[in-house]
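Note sheet for the following structure.
Below, chain A is the first sequence line, B the second, and so on; all start at residue 1. Basis for what follows: all heavy atoms, side chains included, without hydrogens, waters or symmetry-related copies.
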There are 4 protein chains.
Amino acid sequence: MTGRPRSEAARKAILQAALDLCARDGYQGVTMKGIAQAAGSGRQTVYRWWQTKAQVLLEALTEVMAERMPPTPDSGDPRADLVAFLEQTFTLAQGVSGHIVVGLMADAQSDPELAADLRATIIGPRRAALRSVLERGVLPPDVDLELTVDLVFGAMWYRLLNRHAEVNAELAEEIAGLLARIR
Amino acid sequence: MTGRPRSEAARKAILQAALDLCARDGYQGVTMKGIAQAAGSGRQTVYRWWQTKAQVLLEALTEVMAERMPPTPDSGDPRADLVAFLEQTFTLAQGVSGHIVVGLMADAQSDPELAADLRATIIGPRRAALRSVLERGVLPPDVDLELTVDLVFGAMWYRLLNRHAEVNAELAEEIAGLLARIR
Amino acid sequence: MTGRPRSEAARKAILQAALDLCARDGYQGVTMKGIAQAAGSGRQTVYRWWQTKAQVLLEALTEVMAERMPPTPDSGDPRADLVAFLEQTFTLAQGVSGHIVVGLMADAQSDPELAADLRATIIGPRRAALRSVLERGVLPPDVDLELTVDLVFGAMWYRLLNRHAEVNAELAEEIAGLLARIR
Amino acid sequence: MTGRPRSEAARKAILQAALDLCARDGYQGVTMKGIAQAAGSGRQTVYRWWQTKAQVLLEALTEVMAERMPPTPDSGDPRADLVAFLEQTFTLAQGVSGHIVVGLMADAQSDPELAADLRATIIGPRRAALRSVLERGVLPPDVDLELTVDLVFGAMWYRLLNRHAEVNAELAEEIAGLLARIR
DNA sequence: CCATAAACGAGACGGTACGTCATGTCTTACA
DNA sequence: TGTAAGACATGACGTACCGTCTCGTTTATGG
């Protein structure tokens, strides 16, 4: 027997409800119960396909990022490419996506499986993307690229978390400017 | 009239219990109920002086840092001072203190009052300390110190959260080395 | 859609636990927490169906009385019927049921909703039953039946509360004897 | 050494506060903490002289009754004396005193010491008083006076508790009328 | 005329029940 | 078999009151 197939409508409703609730109540305010209610779905339907609210939001975030993060075009100017890449990244990080990813990171501190998923799905690919942009030649060849990635994305995370400064186009310019001064 | 004075024993027992539970169960596993139980105190006694577990742990962390973070001595060698400062910082961040501060940062995302306390008590002073070390002359005079602080502490936070690499003496050396190449 | 139906097992376990606890600890010693624990049920399950311990015990008492209070048979001898009715009533009042109904009455002093429920469920029907027995002709026709009911059940309540004398078959006989002397 | 003598002002303030709170919040709403606060006294001062709120209210009630319950005058007309006695009793029972004594009776169900105090201080003397009035000759000499007291005061208690009818002068008349018909 | 000592106000203490909320599992009827 | 609905056992939440304790202060008496 095959049984009733999974409802794509329910899946989309759940992911969208999770995003909406996160925008309205913040990451911490989202609950599995709330997601199911807002999606007009049963509680069990959520639990059948995801184990935690973090997994729901991770999948929702992945879909959002797939839509909104096209590969950075190679303009021939390495520094301009870097600025473009960072501006695009920072813009996304300022919105609801930023709140989600920060919340996911917080939950990941006590959920190793989520931590692994988060690295594999979001963090890792973004690190690779930044690295490939950096490899186009903004830095002297003997500079440690992994360290540079840590410094650049680290500044972004730090500001996202601590909110002592904006994560915007200006930051992108300043970072590119500072990297350009490394000899 | 004055009433019975606050019990310093209870205060210390609660802070210590919070630290112990955090070490055993992780930040997320700590509960107000658990703290009171482990401290052998009543629930109301905890709530009388702190509103949330985050506030308890923030005070506990503050006391730990006050003990373990002496001012960085001025050796005359700016880069050596920077390395010493970062090593000291990173060492503390690797232990339970790191878990706590990461958890606090996560909670602060949905608790503005905690966020303000955290900036005022922990983050701000550390930023000021790093900035004063950087001012000793590791960088060209026209480099934006705030941006540099964001990059350096950002890298630390990023690694603490994402755990893709260690936060250790080696990182301190590498960062100092990279900063020294800025012209 | 229908949802999971209410668990009759849980309902019975809760009512039985309430009775058991009342027998063991007395009415005042019963707590909602204790009922849930003793019933092996969750706290929320109790609160879902009853608001207070008084409501739980009222329902439990109602079920006990439904089992143990058959209608008084009409033997043709009004005074014998009255004695039989009172003996049956007093016997039940001597046991745990008496403790419960006294406790309910006490709580009803500060809970008007409970007071109404108690009158509608227990007190009112018993008054009506006594009245119908009295109407069989133990009293002269112009005697106020409501007042007589107050006197008879009043004596029972008074002794139940104050415990200065037993509420037993002897009392039933004495009351019937005194009523028979009214001209 | 003698130490500071007990403060009569505090004693009176506590008793009065207990009465006021009982009038405002009902018997159940009274708390030891609330009494102390309302009396402007310390918690320990209340506990030093009384163990429970019931004991406080019993003493307060005793003082009220001593003021308001003069001995029933012997007019020569036994039935008129009975009516006068019952009217006086019922009038007092209608007010705050009624609420208090009902609450005390409720608490006494789970506090044997209070039950004994209540019988000795309030219930017993009132029973004796009613009995002495009845002995003036409203009843045939072979009627059981204790039973009659139970019926009369029972009716009062029953109405005070269940509130299905007033406890007033009319009731006094009706009871006296019914007792007069006993042959 | 202080010294003693008990009562006083204030309020923190350890404890426990309260009623609410979210968790993750389960049991229905329906699709 | 997937789904919406919702009851279930569990356990933390923050609040209220309990009865005890420990302060500083007040008020009597007795050496």
*Closer to the 5' end of DNA chain F via nearest nucleotide, is it C/Arg6 or B/Thr52?*
C/Arg6

_So if I take every side-chain heavy atom of C/Arg4 and compare against F/dC8, F/dT3, E/dG15, which nucleotide ends up nearest?_
F/dC8

*Do side-chain atoms of C/Ser110 reach the backbone of C/Asp107 as a donor and acceptor pair under 3.5 angstrom?*
yes

_At less than 4.0 Å, is any side-chain N or O atom of C/Thr2 found next to OP1 or OP2 of F/dA5? Yes or no._
no

*When you check the gap from the basic side-chain N to the acidic O, do A/Arg11 and A/Glu63 get nearer than 4.0 Å?*
yes

*F/dA9 phosphate, OP1 or OP2: any side-chain N/O from C/Thr45 under 4.0 angstrom?*
yes

_Nearest whole Å is fine: how far is F/dG14 C1' from B/Arg48 CZ?_
14 Å

*Length of the CH2-P vector between A/Trp50 and E/dT23, whole Å*: 15 Å

*Under the 3.5 angstrom rule, does the side chain of C/Glu59 hit a backbone N or O of C/Gln55 as a donor-acceptor pair?*
no

*Euclidean distance, atom CG of residue B/Asp107 to atom P of F/dC13 [Å, nearest integer]*: 12 Å

*F/dT3, E/dT23, F/dC21: which one has an atom nearest the side-chain heavy atoms of A/Trp49?*
F/dT3

*Within the modelled atom types, does a donor on one side and an acceptor on the other bring the side chain of D/Gln44 and the base of F/dC21 under 3.5 Å apart?*
yes

*asked:* Please list, in numerical order, the residues of residues 9-38 of chain D that have a heavy atom closer than 4.0 Å to any atom of DNA chain F.
replied: D/Thr31, D/Met32, D/Lys33

*Roughly, in whole Å, what's the span from OH in C/Tyr47 to P in E/dA22?*
17 Å

*Run the numbers on B/Leu58 and B/Val101 for side-chain contact (heavy atoms from CB on, under 4.5 Å), then give the verdict.*
CA-CA 8 Å; B/Leu58 178 56; B/Val101 83; over 6 Å; no

*So, does A/Lys53 use its side chain to make a donor-acceptor pair with the main chain of A/Tyr27 at under 3.5 Å?*
yes

Which atom pairs, one a donor and one an acceptor, fall under 3.5 Å between side chains of residues 40-49 of chain D and the rest of the protein, sequence neighbours left out?
none

_By nearest heavy atom, map C/Gln51 and D/Ser7 onto DNA chain E; which one lands nearer the 5' end?_
D/Ser7

_Under 3.5 Å donor-acceptor, B/Gln28 side chain and A/Gln109 backbone_ = no

*Please determine if a side-chain N or O atom of C/Arg43 lies less than 4.0 Å away from the OP1 or OP2 oxygen of F/dT10.*
no

